[in-house]
Amino acid sequence: MICLISQTVEVRAGPQGAKTKWVRIELRKVEILPGGGASNTFYDFVGSSPINLWQSSDEYGVLRSPETRQIIKHGATLVVDRNQLCHGPGDRISLRALLRSDTLSDTVLRGFELTLKEYSRFHPGQQAGKRAVPPQERVVIICESKLAINGALFPGQEHRAELTCSISENHTTTSLNSARHIDVTYLLCVKAIVDNVPTIVMDLPVIISNWQRGTSQEAV
C-alpha cells in the first residue's frame with residue numbers, strides 16, 4: 001500500500017533573515033523481492049532527486065497545466081481540452097470533448113465515453129541459475145462514465161460535451177515509473193461512438209498522486 005506520510009519541516013533564519021529559493025529533500029525507496037536477503041533488496045531514489053518541498057512560485061505546475069489535443073480519424077476530428085494533468089484521491093476528473101465531422105455524412109454520434117485505467121507491470125529480476133519469469137501485467141478501471149448525444153453528423157457539424165468521472169477517496173496507488181521491478185501508469189481514454197464508423201479513441205497520459213487536492217494546494 002502506498003500512503004501519504006505527513007511531516008513538518010522547519011527552516012529557521014537568523015536575525016537578518018534570509019532569501020529562500022526552495023526547500024528540498026531526498027526520498028529513497030526500498031524494494032524487497034520474494035525471498036528477501038541482500039540479493040533481493042534494492043535501494044533507489046524516488047523520482048528525480050532532490051525533490052522540491054517548496055519553491056517561490058504561486059503556480060503548482062502539475063495541477064495547473066491546461067492542454068488541448070486532437071486526432072483525425074475515420075472522417076472526423078476529436079478535440080479534447082483539459083485543465084490539469086495530475087489528479088489524486090477524491091478528485092473529479094473533468095474535460096471537454098468535441099467531435100467534428102470532416103467528411104462523415106448522414107450518420108449519428110451516439111455518445112462519448114471517459115475511462116481512467118490503471119496499468120501495472122511487475123518484471124522480476126533475473127536470478128542466476130533460474131529461468132527468466134515473464135512480466136506480469138494487470139489493467140484496472142478506476143472510474144468511467146458514459147454520456148449519450150444521439151446527434152446527427154454532416155460535414156462541418158460538431159457536438160461538444162463535458163465528460164467527468166470521480167476517483168475514490170480511498171484510492172492509494174500512485175503513478176510509479178522509477179522502480180526497478182514495478183511500473184504503474186494511468187491513461188484517460190476518451191471515446192466517440194459513431195454509427196457505422198470504428199470507435200474514435202484518444203488516450204491521454206495522466207499522473208495520479210496519493211495526495212488529495214487540498215493537501216497539494218497547501219504545499220504550494
Side-chain angles (χ1 to χ4, degrees), residues 1-11 20-32 42-69 80-97 113-123 135-145 162-190 202-220:
M1 176 181 294
I2 301 173
C3 60
L4 172 64
I5 301 175
S6 178
Q7 299 288 339
T8 300
V9 177
E10 182 178 356
V11 180
T20 305
K21 192 172 183 180
W22 37 250
V23 176
R24 289 176 172 172
I25 62 169
E26 290 183 349
L27 298 178
R28 294 189 180 190
K29 66 179 184 300
V30 181
E31 291 182 63
I32 302 177
F42 304 91
Y43 300 85
D44 290 289
F45 288 113
V46 176
S48 301
S49 186
I51 296 172
N52 287 347
L53 282 182
W54 175 90
Q55 61 185 27
S56 56
S57 170
D58 61 354
E59 293 294 326
Y60 192 59
V62 177
L63 282 180
R64 304 171 185 173
S65 301
E67 179 188 56
T68 298
R69 293 195 184 197
V80 174
D81 295 297
R82 56 176 172 166
N83 291 326
Q84 62 189 68
L85 311 181
C86 177
H87 298 277
D91 264 9
R92 177 176 178 267
I93 300 175
S94 176
L95 53 79
R96 295 169 300 281
E113 296 182 4
L114 174 64
T115 307
L116 174 61
K117 296 180 181 180
E118 174 188 284
Y119 295 82
S120 57
R121 178 184 174 92
F122 172 68
H123 36 95
Q136 302 173 24
E137 298 180 346
R138 186 183 68 164
V139 180
V140 177
I141 294 177
I142 304 302
C143 62
E144 60 182 340
S145 66
E162 180 181 7
L163 307 179
T164 65
C165 66
S166 296
I167 303 174
S168 168
E169 293 183 354
N170 299 320
H171 185 79
T172 57
T173 306
T174 183
S175 297
L176 180 65
N177 57 17
S178 59
R180 295 192 184 198
H181 300 284
I182 300 175
D183 294 315
V184 181
T185 57
Y186 292 87
L187 283 178
L188 275 173
C189 179
V190 180
M202 181 187 297
D203 287 327
L204 303 167
V206 62
I207 299 172
I208 300 298
S209 167
N210 55 4
W211 287 34
Q212 293 190 352
R213 179 181 297 271
T215 304
S216 297
Q217 291 174 340
E218 288 175 2
V220 177

Looking at [X] and [Y], what are the two nearest heavy atoms and their distance?
X    : Y    : answer
T174 : Y186 : C-CE1, 4.0 Å
R82  : R96  : N-NH2, 4.4 Å
P89  : E169 : CB-O, 3.6 Å
T173 : V184 : CG2-CG1, 3.8 Å

Distance from [X] atom [atom1] to [Y] atom [atom2], nearest 0.5 Å?
X    : Y    : atom1 : atom2 : result
S168 : D91  : OG    : CG    : 11.5 Å
I207 : T185 : CD1   : OG1   : 11.5 Å
D203 : K117 : CG    : NZ    : 7.0 Å
S120 : D183 : OG    : CG    : 9.5 Å
L187 : I142 : CG    : CD1   : 12.0 Å

Any sub-3.5 Å donor-acceptor pair from T164's side-chain atoms to I93's backbone N or O?
->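 No: the side chain of T164 does not pair with the backbone of I93.
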Do S209 side-chain atoms and G88 backbone N/O form a donor-acceptor pair below 3.5 Å?
->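 Absent.
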Can E118 and R138 be counted as an ion pair, charged N to O under 4.0 angstrom?
->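 Yes, charged N to carboxylate O under 4.0 Å.
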If we only count heavy atoms from C-beta on, is the C165 to E144 side-chain gap below 4.5 Å?
-> no
Please tell me if the side chains of H171 and H87 come closer than 4.5 Å, counting only heavy atoms from C-beta onward.
->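 No; the side chains remain at least 4.5 Å from each other.
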Do you know which of L204, N83, D81 makes side-chain contact (heavy atoms from CB on, under 4.5 Å) with L95?
-> L204
Step by step, would you call V80 with L188 a side chain to side chain contact (heavy atoms under 4.5 Å, CB included)?
-> CA-CA 11 Å; V80 174; L188 275 173; over 6 Å; no
